[in-house]
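Structure first, then comments.
As the structure is a computational prediction, the values presented were derived from the model and not from experiment. Chain letters run A, B, ... following the sequence lines, proteins first and then strands; every chain starts at 1.
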Amino acid sequence: MPEGHSIHRLARQLTDVFGGQRVRVSSPQGRFAAGAELLDGHVLTRAEAVGKQLLVRFDGEGAGRTTNSPAGGSRADDADGHRVLRIHLGLYGAFSFGGDASFVGASSIGAPRRMGEAENGTEVGEDAEYTGPPAPVGAVRVRLVSDHGWADLRGPTACEVITAEDVQALREAAGPDPLRQAGDDERQDDGASFSRLLRRRGVACGQLLMDQAVVSGIGNVYRAELLWRAGIDPYRLGKSITEQEAADLWADAVFLMHDGVRLGRIVTTQRDPHHPVAREELTLDTDAADIPDEATRFVYKHTGEACPHCGTTIATAVMAGRNLYWCPGCQH
DNA sequence: TCCGTATGAGAAG
DNA sequence: TTCTCCTACGGAT
């Protein structure tokens, strides 16, 4: 159940373990059978996150397969003959991985996590004597298999082979992504465009932070925690947010989400030495690797508890169909 | 066995 | 705003 940090991790992991390799693609469940056939036997070149969307790129040189797929009318490969698998995990889509030691060793995510500690979609299991993928369990939409390991995808909201035009449209529709900064090969996102998109609308800022056209990758947890850390009432309209507040929100999102990528889970109680937040005295300086789950956030799912900042009872309400958590006492 | 829940998003009304 | 889809899991029945 991912916010943007999970998708960036997954993209990195898929590239690490499958990049440059010819991959068998199948759909044990059957619902992606046609798409799997388009990709099967191609080389997986790299995976990339665009906000919460995962784009997995395959080259056009198949294992003797037809490159023209009349089914559906439109060609699925772009001008270079590349094909792109678009995955959106939705609320409960998840990947699981397994393979031999070299497969696990290639993973930037590393060894399997303890049960209960794993964030969906990022665990890697090392099979003692890898002889191929296990029999599929449950509804496996897509299975990727290389010589050294496998990946299963279950429950995605979206899973389809798309065109180069589709990819372009996706990029243009996506709001600035706090996880895409200078040094990435794509465009550099910054706080200025976020500020402009946030501050021009008369819509609750708590709703705008979840709007992927305003900012990419933020979900329900980061939404609640960012606003608490900033001391901003989620019901305040976007146009009432000051430039400074928008800049601070962006800086904090950059920090927290990068930390989410590093840790493999959302931890919002960390201190950013470069951009202190309003509740600086309450943030922690620890490494955060072993913090129990309930201590990794200030307000998300802390309904009824005392606000760590002012002692007011943490409230919950439904905003745009999602549970919102905030402190009515100190978020203004 | 059923029910509720979940870090999402698009369509319908 | 409400509904719908995608799936797994834990707890109640």
Side-chain angles (χ1 to χ4, degrees), chain A residues 1-11 27-33 35 49-54 85-96 113 115-123 136-143 151-160 162 166 169-170 173-175 177-179 203-204 206-229 234-235 253 256-269 291 293-294 296-303 316-326:
Chain A
M1 295 166 230
E3 300 196 22
H5 69 297
S6 299
I7 311 305
H8 281 257
R9 276 173 71 90
L10 273 173
S27 179
Q29 172 203 49
R31 292 188 51 178
F32 185 63
V50 175
K52 294 178 187 171
Q53 320 235 21
L54 184 61
L85 171 61
R86 177 181 80 100
I87 293 165
H88 195 303
L89 294 182
L91 259 184
Y92 37 73
F95 269 95
S96 48
R113 294 159 167 274
M115 285 299 289
E117 191 187 17
E119 172 163 289
N120 279 350
T122 56
E123 63 262 51
V137 174
V140 178
R141 185 80 59 87
V142 181
R143 166 166 279 188
D152 282 350
L153 170 64
R154 294 181 181 78
T157 285
C159 177
E160 59 177 353
I162 62 174
D166 296 331
L170 269 178
D177 187 339
L179 289 174
V203 174
Q207 201 168 319
L208 291 170
L209 284 182
M210 299 276 283
D211 183 339
Q212 301 300 299
V214 172
V215 54
S216 284
I218 289 180
N220 207 15
V221 181
Y222 284 129
R223 175 261 293 265
E225 297 293 311
L226 283 166
L227 289 173
W228 185 87
R229 284 167 63 99
Y235 288 95
L256 288 181
M257 293 175 76
H258 276 91
D259 224 39
V261 173
R262 181 176 68 86
L263 296 167
R265 62 176 181 159
I266 299 175
V267 178
T268 63
T269 49
I291 298 179
D293 235 28
E294 61 275 13
T296 57
R297 321 161 197 121
F298 289 114
V299 290
Y300 178 82
K301 281 197 168 169
H302 283 267
T303 310
T316 186
V318 175
M319 175 184 276
R322 308 299 299 282
N323 288 322
L324 170 70
Y325 305 85
W326 85 107

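For C:dT7, one of the phosphate oxygens OP1 or OP2 lies less than 4.0 angstrom from a side-chain nitrogen or oxygen of A:Arg141. An OP1 or OP2 oxygen of B:dA9 is reached within less than 4.0 angstrom by a side-chain nitrogen or oxygen of A:Lys52. The side chain of A:His5 places no N or O atom within less than 4.0 Å of a non-bridging phosphate oxygen (OP1 or OP2) of B:dT7. Between A:Arg322 and B:dG8 there is a side-chain N or O to OP1 or OP2 distance below 4.0 Å. A close approach under 4.0 Å does occur between a side-chain nitrogen or oxygen of A:Arg31 and OP1 or OP2 of C:dT7. At the phosphate of C:dT7, OP1 or OP2 sits under 4.0 Å from a side-chain N or O atom of A:Gln29.
Atom pair A:Phe95:CZ and C:dT7:C1' shows a separation of 15 Å (rounding to whole Å applied). Straight-line distance from the CD1 atom of A:Ile266 to the P atom of B:dT7: 10 Å, rounded to whole Å. Going from atom CZ of A:Phe32 over to atom P of C:dT7 covers 14 Å, rounded to whole Å. Rounded to whole angstrom, the span from the CG atom of A:Asp152 across to the P atom of C:dT7 amounts to 13 Å. Remark: P of C:dT7 and NE2 of A:His88 are 16 Å apart, rounded to the nearest angstrom. Distance, A:Arg86 CZ to B:dG8 P: 16 Å, rounded to whole Å. The CG atom of A:Asp259 sits 21 Å away from the P atom of B:dT7 (whole-angstrom rounding). Here B:dA6 presents its P atom at 9 Å from CG of A:Leu91, a figure rounded to the nearest Å.
C:dC3 and B:dT5 have their P atoms separated by 15 Å, with the value rounded to a whole Å. Comparing the P positions of C:dA8 and B:dG10 gives a spacing of 23 Å, expressed to the nearest Å. The P atoms of B:dG13 and C:dC5 are separated by 14 Å, rounded to the nearest whole Å.
By the salt bridge (Lys or Arg N to Asp or Glu O under 4.0 Å) test, A:Arg229 pairs with A:Asp252, sequence neighbours left out. Partners of A:Asp166 under the salt bridge (Lys or Arg N to Asp or Glu O under 4.0 Å) rule, at least two apart in sequence or in another chain, do not exist in this structure.
Closest approach to the A:Tyr300 side chain among B:dA6, B:dG8, C:dT7 is made by B:dA6 (side chain taken as heavy atoms from C-beta onward). Listed nucleotides B:dA6, B:dA9, B:dT7 differ in distance to A:Asn323; the shortest reach to its side chain belongs to B:dA6. In the set C:dT7, B:dT7, B:dG8, the nucleotide with an atom closest to the side chain of A:Thr157 is B:dG8.
Residues A:His8 and A:Asp177 bring a donor and an acceptor atom of their side chains to less than 3.5 Å of each other.
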Restricting to nitrogen or oxygen on both sides, can you table the protein-nucleotides 8-10 of chain C pairs closer than 3.5 Å?
from  : atom 1 : to       : atom 2 : distance (Å)
C:dA8 : OP1    : A:Ala139 : N      : 3.4
C:dA8 : OP1    : A:Arg154 : NE     : 3.1

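Panel note: side chain A:Gln29, backbone A:Val142; no donor-acceptor pair is recorded below 3.5 Å. Between the side chain of A:Gln212 and the backbone N or O of A:Ile218, at least one donor-acceptor pair lies under 3.5 Å.
The ring of A:Tyr235 has its center closer than 6.0 angstrom to the ring center of A:Trp326.
Using a 4.0 Å cut-off between a side-chain N of Lys or Arg and a carboxylate O of Asp or Glu, A:Glu160 and A:Arg86 qualify as a salt bridge. Taking the charged nitrogens against the carboxylate oxygens, A:Asp293 and A:Arg265 do have a contact shorter than 4.0 Å, which makes a salt bridge.
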